Amino acid sequence: MGNKPSSSSQSTELLATFTSDEQAQIKQQYAKAVGHSSSPDKHSKTASLPRATFEHVLCPHVDEVLRNAIAAHLVEMSNANNDVITQEGFIRGAYSLARENKAESIYSLYTKVSPSLQQFVTHVINSALPFWWQGSTLSMEKWDSNENRRACKQLADYLVFSKPPAQRNTLTEDDLFSTGNAEVNTSWNAETTDNVSADTFQAWLAGNMEFSLLIDILICSIFWPESADRDKARTQHHLAPAMDKPKLPNTDSFSNLLDPYMYYLLTLHMPADCLAGPHPSKAIPHSLLFSSKVDGKSWQNFASNIVNRGALVIVIKTSDGAVFGGYTDEPLQLLTRWTGNRNNFLFRQSPMGLWDATNGTNDHYQYLCWGKKSLPNGFGMGGQFDYCGLWIGADFSHGHSKAGPLCTTYMSPRLSSQEDFTIDQVEAWLVRPIPIDENNPDARSQGSVLNHAEEMAFLEMAGRKMYSKDVREADQKQDTEAS
């Protein structure tokens, strides 16, 4: 017994597994909570933290049933009586939830919260996503609105049902559209409503990166909520990317078509350089390039705003209310061939889903063409001409999403309720501008639309004046006269 380490030395060893910044914040958070307690020994180095004070001071943003479970876990880690949390128990709790045996500890929280996995996931989303959204630098959303409650449920359904521990059924195209896997995986669907076993829960958690990150965000928000390097936190998905506030009429939200819940899922699948710049002075916020509500329902306006800009998120709302779209990693250019790369993906809001190109059978990632008689004119992603995973026609009124049963490029199902749809609204978001080499200013024009006469004529016809063209022509005239 004389060789048994003390609880103090154990907590010191556990604390050392965290970064110096995390260690300092863990201590500060505990001291902050103890300072708000009514305990007579709160100024003592050995002061303990009443459970109720922990919940009130450090977890006001956490759903009540979930913060009760986290507090109970910390009391258990403290091995103390009278419903108190010791500093050693606070450190052990942070370690168990964020480091070793994390899956076991999260399962313990689940068993304390609800027998329904979907309800547990919903509580985590409610508690973690508003903290994540602070990184956007936008004003807080109305989290208790009907729209956000609906969006939260869509994300919870996706996190629970889209990635069961083992695929239970073969899905048809109609199954994929109408249920989002929630109904057809009948055995998994039934199991999630009533006390999922520890082994099944941990297998599900291991294959669910999106939910694991929400748990990380939740733990960060309690134990080390301040980030010294916000851009690093963004690339780790602990904070949302910075965003410009778009000037949209008749809404307080950042978008008419997207919500923070869908945006969380989209950003998880974007490359790191879409989430933050190489250093803070180069970080460029995500910005709304085009909105049919603001810029008009015009193909020319749409195309002129998205050509050669950078990585984009294109979002469509159909006349029957479906919302879906795609991410294009390479700049869109007016060409007569398919371009892009495997970082692209398609997505759908309800039932929520996201499909990348890693398992596709061709390289038809993206396409943009206009003014050709022999080729389709419009914007497309995946599949083939006249049978695309996503297509917007150049009339900017109609489009289609076809799959038989899956898009050959993205392995995605049909995104719209019917193969052919009528467009109601479109938004285009710039999430990574084309980089400019400061040491080679001429490089900014090498991939420019200015080098393509057809594109330049199209953009000028669309009302996008090419001032740089005038400068270039003037320079060429001066060079000719000088020679």
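Quick caveat: nothing in here was measured; it's all calculated off a predicted structure.
Side chains of Asp21 and Thr19: a donor-acceptor N/O pair is absent below 3.5 angstrom, by distance only. Side-chain N/O atoms of Ser96 and His73 include a donor and acceptor closer than 3.5 Å. With 3.5 Å as the limit, one finds a donor-acceptor pair spanning the side chains of Asp320 and Thr318. There is a side-chain donor-acceptor pair under 3.5 Å between Tyr327 and Asp329. No side-chain donor from either of Glu330 and Thr339 sits under 3.5 Å from a side-chain acceptor of the other. With no hydrogens or angles considered, a side-chain donor-acceptor pair links Asp63 and Asn126 at under 3.5 Å. Between Ser221 and His61, the side chains place a donor N or O and an acceptor N or O closer than 3.5 Å (distance only, hydrogens not considered). With no hydrogens or angles considered, no side-chain donor-acceptor pair links Ser319 and Asp424 at under 3.5 Å.
Side-chain contact between Val307 and Trp370 is absent, with no heavy atoms from C-beta onward closer than 4.5 Å. Contact annotation: the side chain of Glu191 approaches that of Trp188 to within less than 4.5 Å [non-hydrogen atoms, C-beta and beyond]. At a threshold of 4.5 Å between non-hydrogen side-chain atoms, the residues Asn377 and Cys369 count as touching. Side-chain contact between Phe161 and Asn189 is present, with heavy atoms from C-beta onward closer than 4.5 Å. No side-chain heavy atom of Met209 sits less than 4.5 Å from a side-chain heavy atom of His237. Inter-residue side-chain proximity for Thr192 and Gln118 is flagged as unmet; no heavy-atom pair is nearer than 4.5 Å. Between Leu66 and Leu218, the closest side-chain pair of non-hydrogen atoms falls below 4.5 Å. Between Tyr387 and Glu419 the shortest side-chain heavy-atom distance falls below 4.5 Å.
Taking CD of Gln23 as the reference point, atom CD1 of Ile91 lies at 9.0 Å (rounded to 0.5 Å). With rounding to the nearest 0.5 angstrom, the CG atom of Leu213 is 6.0 Å from the NE2 atom of His238. Between the OG atom in Ser416 and the NZ atom in Lys402 there is a gap of 10.0 Å [rounded to 0.5 Å]. Summarising the geometry, atom CG belonging to Asn148 is positioned 10.5 Å from atom CD belonging to Gln154; distances are rounded to the nearest 0.5 Å. Separation of atoms CG (Leu74) and SG (Cys59) is listed at 8.0 Å; rounding is to 0.5 Å. One finds the CG atom of Leu288 at 13.5 Å from the NZ atom of Lys293 (value rounded to the nearest 0.5 Å).
Here the side chain of Arg414 pairs a donor or acceptor atom with the backbone of Ser417 at under 3.5 angstrom. Judged by distance alone, the side chain of Ser350 and the main-chain N or O of Met352 form no donor-acceptor pair under 3.5 Å. Here the side chain of Thr408 pairs no donor or acceptor atom with the backbone of Thr361 at under 3.5 angstrom. Side-chain atoms of Arg234 come within 3.5 Å of backbone atoms of Gly135 as a donor-acceptor pair (strictly under, hydrogens ignored). At least one donor-acceptor pair closer than 3.5 Å links the side chain of Gln25 to the backbone N or O of Glu226. No side-chain donor-acceptor contact under 3.5 Å links Asn101 to the backbone of Glu104. A donor-acceptor pair under 3.5 Å is formed between the side chain of Thr267 and the backbone N or O of Tyr264. The closest donor-acceptor contact from the side chain of Thr200 to the backbone of Ser197 lies at 3.5 Å or more, if one exists at all. With hydrogens and angles disregarded, no donor-acceptor distance shorter than 3.5 Å links the side chain of Tyr367 to the backbone of Gln384. The backbone N or O of Leu258 lies less than 3.5 Å from no partner atom in the side chain of Gln349, so there is not a single donor-acceptor pair.
Aromatic rings from Phe254 and Tyr263 are positioned such that their centres are separated by under 6.0 Å. Ring centroid separation for the pair Tyr261 and Tyr158 does not come in under the 6.0 Å cut-off.
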Inset, instruction - Quick one: do His269 and Glu210 satisfy side chain to side chain contact (heavy atoms under 4.5 Å, CB included)? Show the steps, please. - result: CA-CA 10 Å; His269 294 268; Glu210 294 95 337; 3.3 Å; yes
Inset, instruction - Could you go through the side chain to side chain contact (heavy atoms under 4.5 Å, CB included) check for Leu214 and Leu159 one step at a time? - result: CA-CA 11 Å; Leu214 282 171; Leu159 294 176; 3.7 Å; yes
Inset, instruction - List the steps, then state whether side-chain hydrogen bond (donor to acceptor under 3.5 Å, both in side chains) holds for Asn362 with Thr409. - result: CA-CA 5 Å; Asn362 59 47; Thr409 310; 2.4 Å; yes
Inset, instruction - Would you please test Leu97 and Met77 for side chain to side chain contact (heavy atoms under 4.5 Å, CB included) and show each step? - result: CA-CA 11 Å; Leu97 292 167; Met77 293 291 102; over 6 Å; no
Inset, instruction - Check step by step if side chain to side chain contact (heavy atoms under 4.5 Å, CB included) holds for Phe347 and Val315. - result: CA-CA 9 Å; Phe347 63 88; Val315 197; 4.2 Å; yes
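Ile85 and Arg51 make their closest contact through CD1-CA, 4.3 Å (heavy atoms, listed as atom of the first residue, atom of the second, distance). The shortest non-hydrogen separation linking Ala203 to Pro165 is CB-CB, 4.2 Å. Ala190 approaches Thr193 most closely through the heavy-atom pair O-OG1, 2.7 Å. Of all heavy-atom pairs spanning Asn256 and Ser291, the tightest one is ND2-OG, 4.5 Å. Heavy-atom minimum distance, Trp224 versus Ala98: CH2-CB, 3.9 Å. Considering all non-hydrogen atoms of both residues, Met243 and Trp133 come closest at SD-CH2, 3.6 Å.
Few gaps surround NZ on Lys102; more than 12 heavy atoms of other groups in view lie less than 6.0 Å from it. Counting non-hydrogen atoms of neighbouring residues, nucleotides and ligands closer than 6.0 angstrom, the NZ atom of Lys297 exceeds 12 such neighbours. Within 6.0 Å of NZ in Lys232 there are 12 or fewer heavy atoms belonging to other residues, nucleotides or ligands. Atom NZ of Lys112 is surrounded by more than 12 heavy atoms from other residues, nucleotides or ligands within 6.0 Å.
Here the rule is ring pair (Phe, Tyr, Trp, His ring centres under 6.0 Å) with Phe120, and of Trp204, Tyr107, Tyr110 only Tyr110 fits it. Just one residue in the list Leu390, Val323, Leu415 forms a side-chain contact (heavy atoms from CB on, under 4.5 Å) with Ile316, and that residue is Leu390.
Under the 30°/60° scheme for interplanar angles, the aromatic rings of His364 and Trp338 are found to lie parallel. Below 30°, between 30° and 60°, or above 60°: for Phe290 and Phe302 the angle between ring planes is above 60°, a perpendicular geometry.
Salt-bridge annotation for Glu22 and Arg99: present, with a side-chain N of the basic residue lying under 4.0 Å from a carboxylate O of the acidic one.
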